[in-house]
Peer 1: 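Below is a structure I'd like to ask you about.
Residue indices begin at 1 and follow the sequence shown.
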Amino acid sequence: MKLSLGALLAICLAGLQFLAVLTVVLLSYVTSERVLLNHARTLLSDLGNNAILHSKGFLEPARGTAELAKRLAENDIVASDDPQELDKLLFQPLSLAPQFAGVYLGDEQGNFVYVNRSDGPAPYRTKIVSVTDGNRSTRLIWRDTDFRVVQADKDPADNFDPRTRPWYISAKATGDIIWTDPYIFFSSKRPGITAASPVIGAQGNLRGVVGVDIEIDAISGFLAQLKIGDEGTAMILNRNGDVIAHPNPALIKVENADGTLEFVSIEDIPDPIAKTAFGDLTTQDVRSIGNEIKSEFEHEGAKYVSTLIPALSDELPWTIAIYAPEDDFIGGIKENRKRNIWTVPYTNPRANETDSYLVCRLLLEKKKT
């Protein structure tokens with residue numbers, strides 16, 4: 001059977017059209033892969049910077065409270081040597097800021113007034129350490145939310161000296177408000193950080209130090225509320241590579257043989273995806289991060305994107321580390337693109353416009369969340 005010239009021309013034209021469409025689609029597939037990955041990185045970066053802003057907002061009240069209490073004591077609006085007045089002063093910010101674990105003031109003689117949250121017999125407990133002529137006494141007072149005394153007791157075995165604690169030593173050494181490195185709190189035995197500020201006398205002498213505690217679990221709880229795609233995770237690394245906050249706080253603490261707690265390093269965290277993303281970081285690597293680092297990696301066949309955003313501030317040399325599955329951001333776009341390869345070139349000459357519209361729509365939806 002012989003084909004007519006017209007039929008041959010029609011077949012050739014159809015073949016050329018098919019090759020042209022196939023070439024355009026394949027080129028579009030390769031180039032859009034790069035574009036989509038850049039979109040994912042940009043979205044993750046935006047989420048990371050959003051996490052930084054929220055973290056600063058979460059921590060800033062502690063700094064403000066320490067500064068306020070310091071100024072009240074320095075100007076004798078509240079007598080720093082009057083435990084009852086200090087008790088009332090420190091109770092107020094603790095009752096108003098749910099992220100605070102405790103607020104306190106210690107002085108150069110070893111006196112100490114500490115108001116913290118309690119599991120019982122009342123929601124708040126005051127610890128007052130008084131030192132007179134070398135003799136010390138410790139009183140414990142539990143109060144309800146209206147500042148009424150529920151129970152009072154003495155603790156003759158208590159040997160707490162504020163002058164030996166990291167927050168006191170650091171604030172005294174710098175003469176300015178500071179954030180401590182994460183450490184284990186004396187009373188609760190839980191890891192946390194402290195914003196501390198020195199109280200300076202009229203003659204320029206150190207009278208004491210005000211401190212505000214935030215437990216690490218509270219920061220981890222805050223990170224757990226952040227929406228990072230569907231399965232993304234944000235964590236905070238200290239300058240030495242320890243993971244000090246994670247949406248699952250149980251992963252960041254390890255118990256030593258003596259029962260004390262310490263933070264797990266990023267190399268040892270029992271989060272296999274986090275270890276794949278950041279487990280090769282050394283202490284030097286964490287400290288040297290000066291600019292945001294974006295990357296992608298695979299774990300058990302799934303593709304992920306990640307970002308490392310350096311220190312929150314000079315006072316808080318922490319790094320935000322975030323990872324998320326690539327498909328959390330561009331999965332819908334990729335599925336649409338695959339369908340277009342097989343159907344759209346033959347049925348819809350505006351295929352590229354459809355794909356671009358979906359990209360914009362999904363990006364806008366992610367921005368809103």
Side-chain angles (χ1 to χ4, degrees), residues 62-94 97 100-118 124-143 152-201 203-216 260-261 315:
R63 178 190 175 97
T65 297
E67 184 68 23
L68 175 61
K70 155 195 168 74
R71 293 188 181 279
L72 291 175
E74 286 180 345
N75 291 282
D76 293 325
I77 296 173
V78 175
S80 59
D81 58 354
D82 186 334
Q84 282 71 37
E85 288 300 313
L86 282 175
D87 191 2
K88 293 178 183 177
L89 168 67
L90 302 178
F91 176 84
Q92 297 303 320
L94 186 66
F100 292 176
V103 187
Y104 43 85
L105 189 149
D107 67 18
E108 281 289 85
Q109 289 69 49
N111 298 297
F112 184 61
V113 178
Y114 173 43
V115 184
N116 69 303
R117 301 187 189 280
S118 174
Y124 299 99
R125 189 200 70 164
T126 299
K127 175 178 180 177
I128 299 175
V129 177
S130 301
V131 179
T132 305
D133 297 329
N135 298 316
R136 56 178 292 122
S137 63
T138 301
R139 288 180 291 153
L140 302 175
I141 305 169
W142 285 267
R143 302 181 189 275
D153 204 352
K154 292 184 179 181
D155 186 3
D158 181 82
N159 61 353
F160 180 83
D161 188 338
R163 297 167 294 183
T164 66
R165 301 303 293 165
W167 52 271
Y168 196 102
I169 295 170
S170 296
K172 181 178 181 178
T174 62
D176 197 1
I177 189 168
I178 57 95
W179 284 97
T180 65
D181 278 334
Y183 68 105
I184 305 301
F185 292 154
F186 182 89
S187 297
S188 67
K189 307 302 181 186
R190 295 174 181 171
I193 59 170
T194 296
S197 181
V199 177
I200 308 300
Q203 306 302 318
N205 58 306
L206 179 71
R207 293 168 57 182
V209 174
V210 174
V212 180
D213 288 343
I214 296 180
E215 290 184 355
I216 292 297
T260 59
L261 296 173
E315 297 172 339

Peer 1: Test Arg207 against Glu74 for salt bridge (Lys or Arg N to Asp or Glu O under 4.0 Å), laying out the working first.
Peer 2: CA-CA 9 Å; Arg207 293 168 57 182; Glu74 286 180 345; over 6 Å; no
Peer 1: Identify the heavy atoms of Val129 and Gly110 that sit nearest to each other, and give their distance.
Peer 2: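 Residues Val129 and Gly110, closest heavy atoms: CG1-O, 3.9 Å.
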Peer 1: Heavy atoms only: give me the nearest Ala97-Arg117 pair and the separation to one decimal.
Peer 2: O-NH2, 2.7 Å
Peer 1: Does any part of the side chain of Lys70, heavy atoms only, come nearer than 4.5 Å to the side chain of Val209, both counted from C-beta?
Peer 2: no
Peer 1: Evaluate the criterion side-chain contact (heavy atoms from CB on, under 4.5 Å) for residue pair Arg163 and Ile169; output intermediate values, then yes/no.
Peer 2: CA-CA 7 Å; Arg163 297 167 294 183; Ile169 295 170; over 6 Å; no
Peer 1: Do Asp155 and Thr138 meet the criterion of a side-chain donor-acceptor pair at a distance under 3.5 Å?
Peer 2: no
Peer 1: Which one of Thr126, Asn116, Asp213 satisfies the side chain to side chain donor-acceptor pair (under 3.5 Å) criterion with Tyr104?
Peer 2: Asp213
Peer 1: Would you please test Leu90 and Leu94 for side-chain contact (heavy atoms from CB on, under 4.5 Å) and show each step?
Peer 2: CA-CA 7 Å; Leu90 302 178; Leu94 186 66; over 6 Å; no
Peer 1: Taking all atoms of both residues into account, what is the closest heavy-atom pair of Thr194 and Trp167, and its distance?
Peer 2: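 Looks like CG2-CB, 3.7 Å.
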Peer 1: What is the ring orientation for Phe112 with Phe160, classed by angle as parallel under 30°, tilted 30 to 60°, or perpendicular over 60°?
Peer 2: tilted
Peer 1: Does a salt bridge link Arg136 with Asp161, judged by any charged N lying under 4.0 Å from a carboxylate O?
Peer 2: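 Salt bridge flag = no for Asp161 with Arg136.
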Peer 1: How close do Ala66 and Ser197 get, counting heavy atoms only, and between which atoms?
Peer 2: O-CB, 4.0 Å
Peer 1: Can you check salt bridge (Lys or Arg N to Asp or Glu O under 4.0 Å) on Arg63 and Glu67, steps first, answer last?
Peer 2: CA-CA 6 Å; Arg63 178 190 175 97; Glu67 184 68 23; 5.9 Å; no
Peer 1: Between Trp142 and Ser118, which heavy-atom pair has the shortest distance, and what is it?
Peer 2: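 Shortest heavy-atom separation between Trp142 and Ser118 comes out as NE1-OG, 3.4 Å.
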Peer 1: Less than 4.5 Å apart, side chain to side chain, heavy atoms only: is that true for Leu86 and Asp82?
Peer 2: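 The answer is no; the side chains never approach within 4.5 Å.
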Peer 1: Does a donor on one side chain sit under 3.5 Å from an acceptor on the other, for Asn111 and Ser130?
Peer 2: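 The criterion, which ignores hydrogens and geometry beyond distance, is not satisfied for Ser130 and Asn111.
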Peer 1: Whether the side chain of Thr174 engages the backbone of Asp176 through a donor-acceptor N/O pair (distance < 3.5 Å, no angle test) should be reported.
Peer 2: yes
Peer 1: Roughly how far, to the nearest 0.5 Å, is the CD1 atom of Ile128 from the CD atom of Gln84?
Peer 2: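 Result: 5.5 Å between the selected atoms.
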Peer 1: By side chain to side chain donor-acceptor pair (under 3.5 Å), which residues pair with Arg165, not counting sequence neighbours?
Peer 2: none
Peer 1: side-chain contact (heavy atoms from CB on, under 4.5 Å), that's the test. Do Leu206 and Val199 meet it? Break it down for me.
Peer 2: CA-CA 6 Å; Leu206 179 71; Val199 177; 5.7 Å; no
Peer 1: One pair to check against side-chain contact (heavy atoms from CB on, under 4.5 Å): Arg125 and Ile141. What are the steps and the verdict?
Peer 2: CA-CA 6 Å; Arg125 189 200 70 164; Ile141 305 169; over 6 Å; no
Peer 1: Can you list everything that forms a side chain to side chain donor-acceptor pair (under 3.5 Å) with Thr65? Sequence neighbours excluded, please.
Peer 2: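 Thr65: no side chain to side chain donor-acceptor pair (under 3.5 Å) contacts found.
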Peer 1: Please report the C-alpha distance between Asp87 and Arg143 in whole Å, then the side-chain angles of each, then the deciding distance to 0.1 Å, and finally whether the salt bridge (Lys or Arg N to Asp or Glu O under 4.0 Å) criterion is met.
Peer 2: CA-CA 11 Å; Asp87 191 2; Arg143 302 181 189 275; 2.6 Å; yes
Peer 1: Please report the closest heavy-atom contact between Glu215 and Ala101, naming both atoms and the distance.
Peer 2: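 Of all heavy-atom pairs spanning Glu215 and Ala101, the closest is CG-CB, 3.6 Å.
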